[in-house]
Each structure stands twice: as C-alpha cells, then as structure tokens.
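One structure is given here, and the rest of the page talks about it.
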There are 2 protein chains.
Amino acid sequence: MSGYISDAVIRRMPAYNRNLRELESEGVQQISSQELGERMGLTPSQIRQDINSIGGVGRQGRGYNVRELREYIRHTMGLDQPHRMVILGAGRIGMAVSHYPNFLREGFVTAGLFDSDPEVVARGSETLPVFAVEEIRERIPDMGADIAVIAVPAEAAQETLDLVYELGIRSAWNFAPVDLRVPADMVVVNVHMSDSLHILTYKMNHREE
Amino acid sequence: MSGYISDAVIRRMPAYNRNLRELESEGVQQISSQELGERMGLTPSQIRQDINSIGGVGRQGRGYNVRELREYIRHTMGLDQPHRMVILGAGRIGMAVSHYPNFLREGFVTAGLFDSDPEVVARGSETLPVFAVEEIRERIPDMGADIAVIAVPAEAAQETLDLVYELGIRSAWNFAPVDLRVPADMVVVNVHMSDSLHILTYKMNHREE
C-alpha cells in the first residue's frame, strides 16, 4: 500500500465498497473508471486517483476487476476480519445499532449491551444479553470485544469512554453528540446523525438549480 | 451565491456548521482559515476554496466572522427555516430518530409516526403520536410535513416512498438499506449506517501509521 491516504479518500471508501458489492450482485465482473464514476457521481480521473492512492490496480483498457477490487478494499478497510462490539447504552440508539440487519452480515457481532436503567435491563432484548452497568468491569474483559459503541446520553459519554479504555478496548463508535477527550492510542469515530439530514435540507433548498 | 457547488463541498458543510457552532459557544468571534483548517483537519486553502465556492467571504488579514459565516451557511443549507418530519416506521430506527435530542433544537419538528404493527401503535411513544399505517392517506395531508423519514424494512421502502410522494411530500430521508426509484422532482438522501463504522475499522487497521 502506498503511504499517505487522505481523509477524503478514506471517507469515500465505504461508498466504493457498497457500489462494488452491488455490482458484484448484479453479476458485473469488470468496470471502467468511467462507468464506476457515473454510478458514484465522481469523475473517472477521481476514481483512478482514489483507487491508485490505496494501492489498487486496474488493467489498461479493461478497467477494474469488480471482485478483486472489492476484496482489496475490504482488506484495506479491515472488513475481511470479524469484529465484536459491546454496546454501552441500551436505549433507542443502542437498540437500533444492536439490531441493524447489515452489521451481522458484514462481520460485526454484538457481544452484549449494558444499561444503567434496571427497567431496561429487566426488559432485555429478544436476541442479545442486556447487562446492568455495574457488571461492566466484570464482564467486558471476557467478551472479546474490540469496538465499544457509545450510545449513552452526552453527559455520561466521557466516563463511559474512559471506562472501556481502562478495560482494554481501543476503538469506539460514538453516537453521543459530544466531543470526547480520546487517549492517544485509541481511535474514535463520531456519528453525526444530523449531517445527512442537513444535506437533505440543502438539496431541498437548491431543488430548482 | 456562485453557480456550481460540488458534492464534496456540500458534504463538508454540516461539519462547518458544527465547528462554527462550537466556536460560537466558546466565544470565538473571528477565525482564520489556518485555525479553522487545523480544527477541521483541512488545509487553509481548502477552507478558503470551500467557503468561497458557496459565496461566503472573509476579511483580508482578519479571517472569518464566526457568527456571520455560520448564519450564511445555515441559510445556504436551508437550516434557518423550520422543517416538519413525518416518520414512516416506529420501530427501533424510527423511534431513535423521533427522539434524537438535537433535531428539535435545530428546528426539525416531528409531526408524528406511522407503523403497520398494531402493537407498536398501541404502545405509542411518550411524547409523539403513533398512528396506524391505514391512516396515512387521511392524516399526512394535514400534518404540514415537508420531510418523510423512511424507517420501514427494506421490502416496504419503495411503496412507502411512492405513497408519501403521492401525498405531496417531495423530500425523504431514507434509513432503509435499499436503493429507491426516486421521481425527478423528489430529493432523497440515504443514510448508510455502516459507513462510519467502516471508517472506524479502517482507522483500527491503520493505527500504527
């Protein structure tokens, strides 16, 4: 893999993965940068630059092998290995994440959820264990989780992050609308639910253009 | 506003809005492209290009007025006017969206939810009306909603989109993991829940770099 990959390229990778998966399921074996660009709303030269920058290769005059390129991207993205998530907060967002149908298919297994509300713990979930927050220290070390999903209210997010870090988890997917202080050897990606809604209002506002 | 604004710029606008809101609440009044770039992980020239392309202006040697620039971006994004959402599907995702704390603050009011499961309708929600799917035709025209949130299972998403279109709604925020056929005068933004999770696994995979 070549050295530096820009954030913009990284942010586009999931869309490459999605489009290549769709192409594969449509039975397409080869695709040119022109065709892939039309599908993804990018220029052919942008497509070639992006793929080149992650070290992927096409064939002169034949374009890209769909399956090979998708496998290469999945490998680059760390999606060719399974991941185990532990979900902190079994409220509406935690439950939505734990039951999102695509995650399991993509290799993301939810090991369990934790919640501070005894009623939520008692109610449980159809398919997954919901534990009391008091059991976090005892249970997380044995759960084999590499990703913590932070789905607690904003005011509890920092202490939750600090606790899972202390328990050895080094990656977090944060749904709490707050900027967290993150230890240097931890990676955190924040989900901004509003962002795509704001893109929608932009498009509503510029419909006539 | 200058003519063509690229998709990449549009996709970055919510991050500008967020960062400027934070700066405002920190009491910052002026910011240079250098400082804003450091905060957002962009180069100063990228910042200047982005803001220039939407028609925003800075002052030579003084940078940008935080409040003015944020108001300008909010106006460009259509966020300076209220929006009313109707949510189709009161399952985990519909409920999570309807209770997301930031939306109300940002001017997004949920007018109501609809669901096909009588149990879900009977259970309702603490704060919002949940109606039976049979009442959609009767109720939606009076709800004043300009955005339909599609939070139904993938197999019901297309008929739901077609129905809200027929009832006069021209904008949809789609959570169903499916590509919809969209009428020419409708705008749809798809939420890909997995994308930021995949960016997390990329970062986990390239931690040492």
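Letters A, B, ... are given to chains in the order of the sequence lines, protein chains preceding strands, and every chain is numbered from 1.
The interface of residues 41-51 of chain A with chain B, defined by heavy-atom distances below 4.5 Å, is empty. At a heavy-atom cut-off of under 4.5 Å, chain B is reached by Asn17(A), Arg18(A), Glu22(A) from residues 17-39 of chain A, listed in order of number.
Pairing each heavy atom of Ile169(A) with each of Val86(A), the nearest pair is CD1-CG1, 3.6 Å. Closest approach of Ala172(B) and Leu161(B) over heavy atoms only: CB-CD1, 3.7 Å.
In this structure, the side chain to side chain donor-acceptor pair (under 3.5 Å) partners of Arg139(B), at least two apart in sequence or on a different chain, are Glu135(B). Applying the salt bridge (Lys or Arg N to Asp or Glu O under 4.0 Å) rule to Asp185(A) yields the partners Arg170(A); only residues at least two apart in sequence or on another chain are considered.
Atom NE2 of His83(A) and atom CG of Leu197(B) lie 8.0 Å apart (nearest 0.5 Å). Going from atom CG of Asp179(B) over to atom CG of Asn190(B) covers 6.5 Å, rounded to the nearest 0.5 Å.
The most heavy-atom pairs under 4.5 Å with chain B, out of Asn102(A), Val188(A), Val149(A), Val191(A), come from Asn102(A). Top candidate by heavy-atom pairs under 4.5 Å with chain A, chosen from Ser98(B), Gly78(B), Pro177(B), Ala154(B), is Gly78(B). Listed options Met95(A), Glu106(A), His99(A) were ranked by heavy-atom pairs under 4.5 angstrom with chain B; first place goes to His99(A).
Ile73(A) has its side chain out of reach of Arg70(A): every pair of non-hydrogen atoms, C-beta onward, lies at least 4.5 Å apart.
Ring pair Phe108(B)/Phe103(B) is perpendicular by interplanar angle, where above 60° counts as perpendicular and below 30° as parallel.
Residue Met13(B) does not touch chain A at all, counting heavy-atom pairs closer than 4.5 Å. The contact between Met186(B) and chain A is made entirely by backbone atoms, counting heavy-atom distances below 4.5 Å.
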Evaluate the criterion side chain to side chain contact (heavy atoms under 4.5 Å, CB included) for residue pair Leu88(A) and Ile136(A); output intermediate values, then yes/no. CA-CA 9 Å; Leu88(A) 292 308; Ile136(A) 286 185; 3.6 Å; yes
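Between the side chain of Tyr72(B) and the backbone N or O of Ile54(B) there is at least one donor-acceptor pair closer than 3.5 Å. A donor-acceptor pair is defined here as one N or O able to donate and one able to accept, closer than 3.5 Å; such a pair exists between the side chain of Thr201(B) and the backbone of Met77(A).
Not less than 6.0 angstrom separates the ring centroid of Trp173(A) from the ring centroid of Tyr100(A).
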